[in-house]
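Structure first, commentary second.
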Amino acid sequence: SLMAESNTLIMEDNMDYKNYNIKPMGTFSMYEIKNKGSGPAPKALRGYFTSKQFAMNAIDSHVAKGKKNAKTEGSIGG
């Protein structure tokens, strides 16, 4: 258990967040969001972010918009 925790800390540059993976871009201090499933990340999440926190904020915003749109579309269709 302790060994697994230390391995996680060593590899913390690459992190999973919600259904996405935030990946460092090598020597540049930039991060890219990858879709954990197949296919590219949604258009709103493509590009490079200067910190993990900015990438996480973009994912949060995208997920919140998706939930809001799903509720709106459901009520219109009814």
Side-chain angles (χ1 to χ4, degrees):
S1 174
L2 186 59
M3 182 77 127
E5 288 176 10
S6 64
N7 285 343
T8 302
L9 293 176
I10 292 168
M11 299 183 71
E12 75 176 320
D13 286 342
N14 200 23
M15 79 178 271
D16 288 343
Y17 186 71
K18 302 200 175 177
N19 287 328
Y20 300 95
N21 181 265
I22 299 173
K23 179 181 169 191
M25 297 299 301
T27 57
F28 306 106
S29 296
M30 303 293 271
Y31 293 85
E32 182 178 27
I33 298 172
K34 296 284 189 181
N35 191 349
K36 283 177 64 177
S38 60
K43 205 176 225 182
L45 301 179
R46 292 184 200 161
Y48 303 109
F49 298 85
T50 54
S51 74
K52 283 183 199 173
Q53 189 60 54
F54 285 139
M56 290 166 65
N57 291 348
I59 292 170
D60 287 340
S61 178
H62 176 73
V63 169
K65 284 180 184 174
K67 287 180 181 175
K68 182 178 176 185
N69 288 342
K71 287 180 184 174
T72 303
E73 288 171 12
S75 62
I76 291 171

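All values below come from the heavy atoms of this structure, side chains included, with hydrogens, waters and symmetry mates left out.
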### Query
Any side-chain heavy atom of N14 sitting closer than 4.5 Å to one from P24?
yes
### Task
Please round to the nearest 0.5 Å and tell me the distance separating atom NZ of K36 and atom NZ of K18.
12.5 Å
### Query
Can you check side chain to side chain contact (heavy atoms under 4.5 Å, CB included) on T50 and M30, steps first, answer last?
CA-CA 5 Å; T50 54; M30 303 293 271; 3.8 Å; yes
#### Entry: Pairing residues for N19 by the side chain to side chain contact (heavy atoms under 4.5 Å, CB included) criterion, not counting sequence neighbours
none
### Nearest atoms (heavy-atom pairs only) where P40 meets R46
CG-NH2, 3.7 Å
### Message
To check you understand the geometry: which heavy-atom pair defines the closest contact between M25 and Y48, and what is its length?
### Response
CE-CE2, 3.5 Å
### Task
Determine the minimum heavy-atom distance between F49 and A58, stating which atoms define it.
CE2-CB, 3.6 Å
### Message
Could you measure the distance from the CD1 atom of I59 to the NZ atom of K52? Nearest 0.5 Å is fine.
### Response
12.0 Å
### Query
What distance separates I33 CD1 from I22 CD1, expressed to the nearest 0.5 Å?
5.5 Å
#### Entry: Nearest heavy-atom neighbours spanning H62 and A44
ND1-CB, 4.0 Å
